[in-house]
Structure formats: structure tokens, C-alpha cells
J.: 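Structure incoming, see below.
Per chain, numbering begins at 1; letters A, B, ... match sequence-line order. No experiment lies behind these values; they were computed from the predicted model shown.
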Amino acid sequence: MAAETERRWRNILTSQMIPEACGEGKLSEPSTARAAASSPELLAASRCILAIDMDCFYAQCEEIRHPHLKGRPVGVQQKMLVITSNYAARACGIKKGDSLQVVREKCPEITICNGEDLTFYGELSQRAFDVAARWSSKVEKLGLDEVFVDVTELVAERFKALEDPGACLRLASTGHEYPKESESGRSEVQEVGQADWKDLDDAHRCWARLALASEICREIREAILSEIGLTSSAGISVSKQLAKMVSSWKKPSQQTLFLPTADRLGHLLPDDLAVQKVPGIGFASTQKLHELGVRTTGEVLSAVVPEGEEYGRLLTEFDAGALRTMKALCLGIDASPVKASGAPKTCSVQDSFWQGPVRTDVQVRDNLLALAQKLITKIRSDERMYGYRPIPTFSLSLMHAPSSDGGAARKGRKQMQLGSFQIARQPGEQGDDERLQGQIADRAFGLFRKLVPEEPFVLHILNLQVGFGEALGAQRRLSFGASAPSATVSAAQLQAQAEGIELTDSDGDGEAGRNKTPAVSTERADAVATLVSMGFAQDRAQQALVQCGDVPRAVEMLLADGPSSPPAHLPHGDVSSRAEKRQRLSCPVPEASGAIIDLLD
DNA sequence: AGGATTCAG
DNA sequence: TGTTCTGAATCCT
């Protein structure tokens, strides 16, 4: 049987091995020798992580927003720079930070879109996130255009088939395999049965899992493309770091699998790699390392030996924990989990005044009004994606001009609890936003006054930030707070209220509503509709109302109930207030890899 | 809690 | 290549 296994898997060891150029598997190179130390543990780890990032995201969004631009050169402008462009534009030689002028020279027929309003990008980003969330509960946002997906469980489920003695999995990877130069496509199919699996070493098992993960990755990217119209590139490996590092190896619209063998690690993380190329080592750490004369991963690794001479010098700039993680990253070891991203916890807007600083109370007041408007717009966008949430905190921060005597620029921040305030929905006239804007600006100015009691001052940055609370708790207080007896709130009223938002004084602790009479039968339908609009299933809403009598108690019961209300493994499902979002809760996890996995008897 | 730093896109 | 703005995490007090 061992011979059989050998025959089936030989081509992985040969054809998958990295080209001879990097040492033929010999461990003579220092980087490869170090990689040999970390490789076994990486291969034994069973995680499968995808790093998916959208190709030239903003430009693609503009092509979707303006379909007639599809395939024509498109640039996205912020301030006076073209921050990104699609591949048609890049074909004319347009680079990332080119000025508007340069871009016009290189490509006169280009269409320039204004990319300062991120609202639309944010909504497409969320849709892509939602697609990925159908495959795994562990999806982590990284900016607007990237996600990490942990598909370990899904992969493990597929391999459970091997518990059946007669079963056989047919496996092939999809896309590229770093660092092999070959056509993108599918690797040779490998067949593995139960007995084979037992004989396989860690490297082969790891490859098998990642091959399956690569097929899942292709499915997710395909869904994002067909349902949203976004192409993406991706990396597949055993950690976020490694997946991310190979995700951009082949672009656009391609994916790359990275199997962490010693030789491949040596290739991906050579000794002479500049430290700032390692994800996780950022600007500040790079500066400190440079001051210590350390510029490459190899230099980090030789310096970070606890007994060595250089270690003491490193400790002057970093703590021991930071050094450990830095060392691990340079070895390609990253145990950080994929953290399921939920709705954003904060929302902030900021204006800067570098050339014309803000010097008077009147100017502050005007600029705070402008910021308040931006803030309302952003909160509205947040509501569309995540539903209504309370806003318990509000803060203003600012940066002064550097003091004239050469001192550093002072920063300031003042936060207030909105304990006596809450965001409430009011039967909405259209003019409400203007009042809200004024109220926010008033609060902000109050904070500003505490921070800067009097003129003169010279400000370069003003920033407003709100902090969100839990969604459903909010819905309860929002809709059934002290002033509104729950049983009298109809779904129609709720709908009307959804049009407006107002910052109002809250006059109580929210308990008064609970003492009102329970809903009577004629109002039951409205109460059910209310609960449904909050994302609960209709039948469960009815049960809860029968048992509890009124809406607030029903909400509490449904929340406490756990698994039968929104499944825990689907992020955001619980914050949705719209039936449409509710739908995806019942969306089944897609069958993975039907094309390449067959159960044979 | 909230202030400062850090990292990332 | 770097800058600006936004969001999250972590450490420190």
C-alpha cells in the first residue's frame, strides 16, 4: 500500500517542487536552513486560510456604477491624485499615485471618476463580504477590498468522507502554486483513500487540504464575480500572513496556493527581504529597526536570539512580546486567528486644514456643521447595511499646529457619553436632518470648548466620532422606550420612523413601557410585523408574543433564546432589521468542490 | 475609561 | 513613492 501511495503522490513531490534555481531542496542557504525549522510545524498545522482581495477595487466599483465604462480606461481621483486605475488604464502606463496632469498626458481618453465618497465602495465591499460569509462564519475584513476567510472547518468536513473505509477523494488544486511558473488551471488529480491518507506525511496532507481550500476559494471568487461583478485575486495557505503574501503573486483575477515547505518558505521569505515587506511589521517598527541597523528579515532573525549581543539593543525599542511575534513573522509563522468582522464599532469623519488653519470660534462652528453633515451621511449608510444601532458615545478630537518654539503638534480628544441622549427615529419630516446636523454641531462645539477654552488657537485637524452599541438592544429602546408604549407601536409607524433620525433627550430608563398593558389581539399582527422587521422569523415571533404578551419582553426572550434565532455562525444576521437580509440566514452553505470530489465505492 | 501608539488599506 | 483618512487593537495610566 505504501508503494501505491508513493505512485499516486509522486507527482506532487516532483512537479510541485520549486524550480531548481532555488537550491534543489538542499538546505545550504541560510534562509532555507531557518525555514527548515519552521516548516514542519506549519505543515502539521491544519488551518486553511484564504486571503481574497479585489483587483483595483475603486476602479472596478466605478465600472459597475457606470457600465458603459467597462473595459475602457478608468481612473479614480482623490484630491489631485489618481489613486488607482483599472487595467485598461494601466496598459497606458498609468501608475498608482500619478497626478491628474500626468495621467491626461499618458492616456487622453481616460475617464476620471471622483473617489472621495466611499459610500458606494463600502456597500459593494459589504456585499462581497456577505458572499464569502456563506462559506464560513470566520470572515475578517481588512479595509474595503480585502477579506480573510478561514475555511478549515469546511475542508475538514470534506475529509470526513475518509472515515468511510471504501471512500476515495479525488483532489486537485485550482490556480497557481507558488513559486511554480506554469499555466493557471488545475493540478493533476490525486486520488487518496483511507489507507493512503494514513500513510501520508504532513506535507502531503497539508497539500491535500490546501488543494481543497483552493477549490473553495475559486467558488467564492466566482460567486463574487457573478453576483456582484467584481474580479479578485487570492492566496491560499495555512495562515493569514502566508495567504496574504502570495495573494498578489499573480494578478488580476488569479489565485495562488502556498504550501509551506522549507524550500518554498525560503523562497517567499528570503534572508535579504526588507523587513517592511513582511505583513505585520509596519512603519513604526521598520523605523526603529533601521535605527538599530536592522534592515532585513535575516538580520532580524540573527539579532533576536535572546542570548545574543544584539538582543539587548533590540529590547531598548521593543518589548519581549513584540520581538517574539516579529521573529515568528520573519520565519513565516503566524498563529493569529481569522476574526469574524461584525458591523463597525465606530464611525468617524475628519477634515484637515493644512494650508488654511482654523483660528476662530466661528470657523470652528462652520467646520463642525460640515463635519456633522458628513457624519449623518455615513451613519445613514451604516444603517442601510447593519440596521439601526444606538450611539452611546460621541467624541471630538483635534490637532493643533506645531507650537512656534518647535514643539510637537499637540493633539486633543474629548469624549462624551450620550447617556441622556439617544438616536431615536421620529415620524420624519424631511427637514429633520438639518436639525440633527445642528444638534450634533452643538454637542461637538461643547466638547471643543472644554478642550480649548478660548481663542487664540491654530487647528490643523478636526474629527468627529461616534461609537455604536448593540443593534437589537437599540431596536428595543428605540422603538419601545419610555415615551412609547410598545403595544401601540405599529409596523407602519416603525416604517415611517425609519425615514428619520433624531438626537433626542431621553427622559427615562426605558422601563416605563414594560408596565403598559400587553398587546391585545387586534394589535398582535402589528407586533409580529415589528418583530419580523427586526429580523426574527415570523413563527418564532408569534410564539414569543403569545408567551410574553408584549413586544419588549418578546424581544428579550428571542434574544435570550439563542440558536433558533439568528444562527450564531452567520455574522451580521442578528443586526439586520430588514426581511431581505433575513433571507440569507436560511441560505445553505454551498456544496464545496462537487467538481473534483467524488465519493467512490 | 480614555489617551497614545501602532498597523493597515 | 508618499499622503490623507478611516478603523481596529493594544498598552498604559
Side-chain angles (χ1 to χ4, degrees), chain A residues 51-59 61 76-84 94-99 102 115-119 121-122 125-126 128-129 140-148 240-241 244-245 247-248 274-289 317-322 325-326 329 334 336-355 371 374-375 377-379 381-382 385-386 392-399 408-419 447 450-451 460-468:
Chain A
I52 304 176
D53 83 4
M54 308 303 147
D55 303 315
C56 51
F57 181 56
Y58 291 2
C61 288
V76 179
Q77 176 190 7
Q78 269 176 1
K79 307 293 178 193
M80 291 314 289
L81 295 181
V82 172
I83 52 161
T84 189
I94 287 170
K95 307 279 187 174
K96 214 162 197 187
D98 284 352
S99 72
V102 169
E116 281 164 21
D117 183 352
L118 305 185
T119 309
Y121 309 152
S125 172
Q126 184 58 37
F129 179 97
E140 180 176 338
K141 266 195 268 219
L142 201 60
L144 289 181
D145 68 335
E146 286 186 42
V147 289
F148 289 112
K240 291 201 287 186
Q241 183 204 4
K244 182 173 172 58
M245 286 188 76
S247 67
S248 56
V275 288
Q276 63 266 32
K277 304 273 186 186
V278 179
I281 301 182
F283 181 80
S285 299
T286 300
Q287 293 300 108
K288 291 179 187 172
L289 287 171
E317 298 284 351
F318 302 93
D319 62 40
T325 50
M326 215 156 61
L329 288 174
D334 167 31
S336 66
V338 176
K339 294 194 63 181
S341 299
K345 298 173 177 65
T346 62
C347 172
S348 68
V349 291
Q350 179 172 319
D351 274 338
S352 55
F353 316 94
W354 297 106
Q355 73 303 22
L371 279 174
K374 279 202 207 174
L375 185 61
T377 303
K378 282 189 95 168
I379 293 175
S381 171
D382 184 276
M385 289 187 282
Y386 307 107
T393 66
F394 177 66
S395 74
L396 170 135
S397 44
L398 53 79
M399 192 169 88
R410 280 183 302 139
K411 294 179 182 176
R413 182 171 183 271
K414 201 70 193 169
Q415 184 171 13
M416 77 187 296
Q417 296 302 316
L418 296 181
L447 293 174
K450 288 182 189 172
L451 226 45
H460 277 175
I461 292 180
L462 281 173
N463 172 293
L464 296 182
Q465 179 173 89
V466 294
F468 293 112

J.: Could I get the full list of ring-ring contact (aromatic ring centres under 6.0 Å, His included) partners for Phe353(A), not counting sequence neighbours?
T.: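 Scan of Phe353(A) (ring-ring contact (aromatic ring centres under 6.0 Å, His included), adjacent residues dropped) gives none.
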
J.: Rounding to a whole Å, what distance do you find between Gln465(A):CD and dA4(B):C1'?
T.: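 Taking atom C1' of dA4(B) as the reference, CD of Gln465(A) is at 14 Å.
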
J.: Output all residues satisfying side-chain contact (heavy atoms from CB on, under 4.5 Å) with Thr346(A), sequence neighbours left out; order by chain, then residue number.
T.: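 Counting only residues at least two positions away or on another chain, Thr346(A) forms a side-chain contact (heavy atoms from CB on, under 4.5 Å) with Gln465(A).
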
J.: Is the distance from OP1 or OP2 of dT6(B) to the nearest side-chain N or O of Lys288(A) less than 4.0 Å?
T.: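 The answer is yes; a side-chain N or O of Lys288(A) sits under 4.0 Å from OP1 or OP2.
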
J.: Less than 4.0 Å between a side-chain N and a carboxylate O, is that true for Asp351(A) and Lys374(A)?
T.: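 Yes, Lys374(A) and Asp351(A) are salt-bridged.
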
J.: Rounded off to whole Å, could you give me the CD-to-C1' distance for the Gln126(A) and dG7(C) pair?
T.: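 For the pair Gln126(A) CD and dG7(C) C1', the rounded distance is 14 Å.
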
J.: Which pairs, protein N/O on one side and nucleotides 10-13 of chain C N/O on the other, fall under 3.5 Å?
T.:
none

J.: Pick out the pairs of N or O atoms, protein on one side and nucleotides 7-9 of chain B on the other, that lie under 3.5 Å.
T.:
residue: dC7(B); atom: OP1; partner: Ser285(A); partner atom: N; Å: 3.4
residue: dC7(B); atom: OP1; partner: Ser285(A); partner atom: OG; Å: 2.3
residue: dC7(B); atom: OP2; partner: Ala284(A); partner atom: N; Å: 2.8
residue: dC7(B); atom: OP2; partner: Ser285(A); partner atom: N; Å: 3.4
residue: dA8(B); atom: OP1; partner: Gly280(A); partner atom: N; Å: 2.2
residue: dG9(B); atom: OP1; partner: Lys244(A); partner atom: NZ; Å: 2.4
residue: dG9(B); atom: O3'; partner: Asp145(A); partner atom: OD1; Å: 2.6

J.: Can you see if the side chain of Trp354(A) gets near the phosphate of dT4(C) - specifically, an N or O under 4.0 Å from OP1 or OP2?
T.: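 Yes.
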
J.: May I have the distance from Lys450(A) (atom NZ) to dG2(B) (atom P), rounded to whole angstrom?
T.: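 Rounded to whole Å, this separation is 11 Å.
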
J.: Rounding to a whole Å, what distance do you find between His460(A):NE2 and dT4(C):C1'?
T.: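 Spelled out: NE2 on His460(A) to C1' on dT4(C) is 14 Å.
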
J.: Please enumerate all residues that pass side-chain contact (heavy atoms from CB on, under 4.5 Å) together with Ser381(A), with sequence neighbours excluded.
T.: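 Residues passing side-chain contact (heavy atoms from CB on, under 4.5 Å) with Ser381(A): Thr119(A), Glu123(A), Arg384(A), Met385(A).
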
J.: Using whole Å, report how far CG of Leu371(A) lies from C1' of dC5(C).
T.: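 Distance, rounded to whole Å: 12 Å.
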
J.: Taking 4.0 Å as the cut-off, does a side-chain nitrogen or oxygen of Thr346(A) come that near to OP1 or OP2 on dA8(C)?
T.: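 Thr346(A) to dA8(C) OP1/OP2: side-chain N or O found under 4.0 Å.
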
J.: Give the rounded distance in Å between these two atoms: CD of Glu140(A) and P of dG7(C).
T.: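 About 16 Å, once rounded to whole Å.
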
J.: Please check the phosphate of dC5(C) (OP1 and OP2 only) for any side-chain N or O of Lys378(A) closer than 4.0 Å.
T.: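 It does not, given that no N or O in the side chain of Lys378(A) lies less than 4.0 Å from OP1 or OP2 of dC5(C).
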
J.: Give a yes/no answer on whether the side chain of Ser348(A) brings an N or O atom under 4.0 Å of OP1 or OP2 in dG7(C).
T.: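 Indeed, a polar side-chain atom of Ser348(A) lies that close.
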
J.: Find out whether the Lys NZ or Arg CZ of Lys345(A) is both under 6.0 angstrom from the six-membered ring centre of Phe468(A) and within 45° of the ring's axis.
T.: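 Judged by the rule (NZ or CZ under 6.0 Å from the ring centre, within 45° of its axis), Lys345(A) is not positioned above Phe468(A).
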
J.: With sequence neighbours left out, what residues match Lys96(A) under side-chain contact (heavy atoms from CB on, under 4.5 Å)?
T.: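 Scan of Lys96(A) (side-chain contact (heavy atoms from CB on, under 4.5 Å), adjacent residues dropped) gives none.
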
J.: What is the distance from CE of Met399(A) to C1' of dT6(C), rounded to the nearest Å?
T.: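 The distance from CE of Met399(A) to C1' of dT6(C) comes to 16 Å, rounded to the nearest Å.
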
J.: Going by salt bridge (Lys or Arg N to Asp or Glu O under 4.0 Å), name the pairs with one or both residues in residues 276-285 of chain A, residues two or more places apart or in two chains.
T.: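 Residue pairs with at least one partner in residues 276-285 of chain A: there are none.
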
J.: Any base atoms under 4.0 Å from Lys345(A), or only sugar-phosphate, or nothing? Heavy atoms, all strands.
T.: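 The answer is sugar-phosphate, as Lys345(A) gets under 4.0 Å only of primed atoms, P, OP1 or OP2.
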
J.: Going by ring-ring contact (aromatic ring centres under 6.0 Å, His included), name the residues that satisfy it together with Tyr58(A), two or more places apart in sequence or in a different chain.
T.: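 Tyr58(A) satisfies ring-ring contact (aromatic ring centres under 6.0 Å, His included) with Tyr121(A) once adjacent residues are dropped.
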
J.: Sequence neighbours excluded, which residues qualify as side-chain contact (heavy atoms from CB on, under 4.5 Å) partners of Lys95(A)?
T.: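 Expected list: Asp98(A), Lys106(A).
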
J.: Calculate the interatomic distance between Phe318(A) atom CZ and dT5(B) atom C1'; express it in whole Å.
T.: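 Roughly 13 Å, once rounded to whole Å.
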
J.: Could Glu116(A) and Lys79(A) be called an ion pair, given the rule that one side-chain N must be under 4.0 Å from one carboxylate O?
T.: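 No, this pair does not count.
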
J.: Please compare Lys96(A) and Lys79(A) by the position of their nearest nucleotide in DNA chain C and report the one closer to 5'.
T.: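 It is Lys96(A) whose nearest nucleotide is closer to the 5' end.
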
